[in-house]
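Heads up: the structure comes next, in structure tokens.
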2 protein chains.
Amino acid sequence: MSDPTSAPWLSDDEQRAWMALTTVLTTVPAAIDAQLKRDSGFNFFEFTILSSLTQAPGRALRMNSLAHLACASPSRLSHAVSRLEKHDWVTRRTTDSPVGRWVEAVLTDAGATAVAAAAPAHVREVRRLVFDVLTPEQVEQLTQIGYQLLRAAAPHLTACMEVPAVRPPT
Amino acid sequence: MSDPTSAPWLSDDEQRAWMALTTVLTTVPAAIDAQLKRDSGFNFFEFTILSSLTQAPGRALRMNSLAHLACASPSRLSHAVSRLEKHDWVTRRTTDSPVGRWVEAVLTDAGATAVAAAAPAHVREVRRLVFDVLTPEQVEQLTQIGYQLLRAAAPHLTACMEVPAVRPPT
DNA sequence: TTTCAATAGTTGATGTGGCAACCTTCGTGT
DNA sequence: ACACGAAGGTTGCCACATCAACTATTGAAA
């Protein structure tokens, strides 16, 4: 099928895999975002921010650390935190210290309540979309494939993989 | 780790897989879009439209068929075709016939030239990001996993999987 | 001290997608 | 003939992401 003399086109197997991947890339985030938005008022990215703050000591994190945890650009994070502030789920706090001055995002009580209320349905949706339809072997395969793709697409973001986004309440 | 008595939280293995999947969902489309936008001026969705028209008889397709091929909502397609029209890569044509009246998107010569010029670098990028880092077994696993996820997230879109988006020139 | 570069963070402009409302054009029933 | 509903398609408004430009602070070089 391919024409190796002109350019390295995709084989039929690769075509199928690429088709499957692109369609997943389109539909899965949309489904996850739709459920969260509908049931809780925030999207997956905002949920990740709130969730990260829940885990943090004092429910506060520097903008920079938060951006790394959420694999986001400073700009995207800033806009998102501004949105969350409008809903009183988060506040910004400027901290001065001997070693410098920085901005922290702080989870409010309302934010903590909202994210705790949102988590169960979110996890159910993740199960419904992903883990209910995959065997344990496929889950392991997906993890490996994900790591490989990530190393190629965003090697500097491998740090994101180390901290889980959702944790059961302790 | 999980607390089976309260809610079905994710296991550690599932946490890792979910983390890998969400990060892939964020980074891979961004990388693909960035390369196409930088080198050719259109994003992946627009490339898919142009590419579908390339394969079509007379380089024309009804808006509705095109939306199905590209797994897109009518609205998204209409917006995108309007953009492509601004660049003279596509034109709209209203066709009357005994059986009805409809709108077709038609690929212009400039559009055909642009998509042909864009394809090799795009395929190289897809290889770099995906197929160069996966074994043939993993490609097969990815296909199966993708089908499973798709059946759960968008069962009505399974039709999208049947026609490849990029084909070598005949 | 002045300057220069680097880091942290914000802002505004612009591009893109989703949703709901809307307009046509059919086909069907009365 | 008329009404009505369904399908195809577009549009306007809003939500969100990106990029580049900008501010402010720190630390080092001159």
Side-chain angles (χ1 to χ4, degrees), chain A residues 25-38 40-49 60-87 90-106 154, chain B residues 25-38 40-49 60-87 90-106 154:
Chain A
L25 258 32
T26 304
T27 56
V28 172
I32 293 286
D33 275 334
Q35 181 275 324
L36 271 176
K37 198 75 188 175
R38 169 168 40 80
S40 311
F42 36 76
N43 62 25
F44 179 65
F45 178 57
E46 292 159 345
F47 175 83
T48 305
I49 293 172
L61 282 172
R62 287 191 58 176
M63 294 297 284
N64 211 8
S65 319
L66 200 44
H68 274 95
L69 279 176
C71 291
S73 68
S75 167
R76 185 184 182 191
L77 178 67
S78 185
H79 283 303
V81 168
S82 297
R83 260 175 274 143
L84 294 173
E85 269 189 311
K86 287 208 184 88
H87 291 275
V90 161
T91 57
R92 263 184 252 244
R93 175 214 290 165
T94 304
T95 304
D96 282 288
S97 90
V99 289
R101 176 196 183 98
W102 58 76
V103 180
E104 284 174 329
V106 189
Chain B
L25 259 33
T26 304
T27 57
V28 171
I32 293 287
D33 275 334
Q35 181 276 325
L36 271 176
K37 198 76 186 177
R38 169 168 41 82
S40 311
F42 35 75
N43 61 25
F44 178 66
F45 178 57
E46 292 159 345
F47 175 83
T48 305
I49 293 172
L61 282 172
R62 288 191 57 174
M63 294 298 284
N64 212 9
S65 319
L66 200 44
H68 274 95
L69 279 176
C71 291
S73 68
S75 166
R76 185 183 183 191
L77 178 68
S78 186
H79 284 304
V81 168
S82 297
R83 261 175 274 147
L84 293 173
E85 268 189 312
K86 288 207 185 87
H87 292 275
V90 162
T91 57
R92 263 184 252 243
R93 174 214 290 165
T94 303
T95 304
D96 282 289
S97 91
V99 288
R101 176 198 185 98
W102 57 78
V103 180
E104 284 174 329
V106 190

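Qualifying side-chain contact (heavy atoms from CB on, under 4.5 Å) partners for Ser73(B), counting only residues two or more places apart in sequence or in other chains: Ser75(B), Arg76(B). Not counting sequence neighbours, Phe45(B) has no partner by the ring-ring contact (aromatic ring centres under 6.0 Å, His included) test. Asn64(B) is linked by a side-chain contact (heavy atoms from CB on, under 4.5 Å) to His68(B), counting only residues two or more places apart in sequence or in another chain. When the side chain to side chain donor-acceptor pair (under 3.5 Å) test is applied to Arg93(B), the partners found at least two apart in sequence or on another chain are Glu104(B). With sequence neighbours excluded, the residues that form a side-chain contact (heavy atoms from CB on, under 4.5 Å) with Ser82(B) are Arg92(B).
Distance OG1/Thr48(B) to CG/Leu77(B): 11.0 Å, rounded to 0.5 Å.
Atom CZ in Phe47(B) sits about 17 Å away from atom P in dT16(C), given to the nearest Å. Whole-Å rounding puts the Arg38(A) CZ to dG18(C) C1' distance at 15 Å. In this structure, the CG atom of Leu66(B) is 10 Å from the P atom of dG9(D), given to the nearest Å. Atom CG of Asn64(B) and atom P of dT10(D) are 10 Å apart (whole Å). Separating the CG atom of Leu77(A) from the C1' atom of dG9(C) is a distance of 10 Å, rounded to the nearest angstrom. Between the NZ atom of Lys86(A) and the P atom of dT11(C) there is a distance of 10 Å, rounded to whole Å. If you measure from atom CD of Glu104(B) to atom P of dT10(D), you get 12 Å, rounded to the nearest angstrom. In this entry the distance linking CE of Met63(B) with C1' of dT11(D) reads 13 Å, nearest Å.
An OP1 or OP2 oxygen of dT10(C) is reached within less than 4.0 angstrom by a side-chain nitrogen or oxygen of Arg92(A).
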Contact state string [nucleotides 15-25 of chain D, B base, S sugar-phosphate only, - no protein heavy atom under 4.0 Å]: -SSBB-----S

